[in-house]
Amino acid sequence: DQQVKQNSPSLSVQEGRISILNCDYTNSMFDYFLWYKKYPAEGPTFLISISSIKDKNEDGRFTVFLNKSAKHLSLHIVPSQPGDSAVYFCAASAGIGSQGNLIFGKGTKLSVKP
Amino acid sequence: DTGVSQDPRHKITKRGQNVTFRCDPISEHNRLYWYRQTLGQGPEFLTYFQNEAQLEKSRLLSDRFSAERPKGSFSTLEIQRTEQGDSAMYLCASSLASGSLPTYEQYFGPGTRLTVT
């Protein structure tokens, strides 16, 4: 059973518009969430994170929103650029006492068209 | 500024052979993680080290897999008697933990792609 779910395998967006990538989780012990971006033939690159005590974290064009009651988080990219085309992974950690290993979703492939 | 490096980047081997991968973490990081990623999946945790101590192993890590981090710096992951099901991308990540508190952000290397024929 998947504890972190990314239900959209792919997303296509026009350059300059908003990209919204979604992630759901089932384990209420998760208290820290991260987004990674992965290009082909490269390892995942850390993008942005959020603690469960917050509901929003912003870094430039990237904003992550967390809805704990719904066990849902989303990544917003505004404005989207062709270089954002990659696979985006949502990951979660159960925090203190969990050893810190991350549990990943299956990823969403984002295509930003010029 | 060097990130996490892994060697080799690609490995093709025949079923039954042994293979060994190396990971060099970011120099000041004391935690090192190994993950495996197969097609269409996200990375799956295998094992991790704090300094030279291996502190946790996933049930995915069968007896044919062994990992070491002898001096608390680089790490090796060995797979004995490889099987076709071992074909995957093996990713290494590192992070800096202070005491018992983890730093959640992990920084990944480029991975080693293993193909077992």
Side-chain angles (χ1 to χ4, degrees), chain A residues 1-10 21 23-25 27 29-54 57 59 64 66 73 86-109, chain B residues 3-10 21 23-26 29-50 53-61 88-113:
Chain A
D1 61 333
Q2 272 202 293
Q3 298 186 70
V4 177
K5 299 178 184 178
Q6 295 178 257
N7 292 319
S8 298
S10 62
L21 297 100
C23 178
D24 297 291
Y25 62 96
N27 189 339
M29 296 298 292
F30 290 151
D31 66 352
Y32 204 85
F33 303 90
L34 307 91
W35 285 93
Y36 283 83
K37 179 171 72 174
K38 187 179 184 303
Y39 294 117
E42 294 183 13
T45 301
F46 170 68
L47 199 54
I48 192 170
S49 61
I50 187 167
S51 164
S52 61
I53 62 173
K54 296 184 176 181
N57 188 27
D59 184 1
V64 56
L66 175 63
L73 63 156
V87 177
Y88 289 78
F89 290 98
C90 173
S93 176
I96 294 174
S98 75
Q99 312 295 349
N101 56 289
L102 299 177
I103 298 170
F104 285 83
K106 291 186 176 183
T108 296
K109 184 176 182 179
Chain B
V4 179
S5 62
Q6 293 187 245
D7 184 71
R9 294 290 304 273
H10 304 274
F21 311 140
C23 170
D24 287 88
I26 294 171
H29 285 183
N30 53 2
R31 285 200 171 183
L32 187 149
Y33 299 80
W34 285 99
Y35 291 82
R36 182 176 72 183
Q37 185 178 18
T38 54
L39 198 61
Q41 303 293 319
E44 295 174 292
F45 169 74
L46 292 178
T47 188
Y48 98 99
F49 294 82
Q50 175 142 339
Q54 187 173 17
L55 297 185
E56 188 177 356
K57 298 182 191 179
S58 160
R59 68 181 188 280
L60 294 176
L61 209 68
M89 174 76 83
Y90 290 84
L91 294 162
C92 175
S94 69
S95 70
L96 180 62
S98 175
S100 62
L101 299 178
T103 300
Y104 299 102
E105 288 82 4
Q106 296 178 16
Y107 297 88
F108 283 81
T112 294
R113 180 164 294 284

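In what follows, chains carry the letters A, B, and so on, assigned in the order in which the sequence lines appear, proteins first and then strands, with residues in each chain numbered from 1.
Residues A/Ser93 and A/Asn101 approach most closely at OG-O, 4.0 Å, considering heavy atoms.
For the set B/Pro110, B/Gly111, B/Pro43, the count of heavy-atom pairs under 4.5 angstrom toward chain A peaks at B/Pro43. Contacts with chain B were tallied for A/Ala91, A/Pro44, A/Ala41; A/Pro44 has the most, counting heavy-atom pairs under 4.5 Å. When each of B/Gln37, B/Glu44, B/Arg113 is scored by its heavy-atom pairs under 4.5 Å with chain A, the top score falls to B/Gln37.
Neither the backbone nor the side chain of A/Lys109 comes within contact range of chain B, judged by heavy atoms closer than 4.5 Å.
Ring planes of B/Phe21 and B/Tyr90: tilted class, angle from 30 to 60°. Ring pair A/Phe104/A/Tyr36 is tilted by interplanar angle, where 30° to 60° counts as tilted.
Under the 3.5 Å distance criterion, with hydrogens and angles disregarded, no donor-acceptor pair is assigned to the side chains of B/Tyr33 and B/Glu56.
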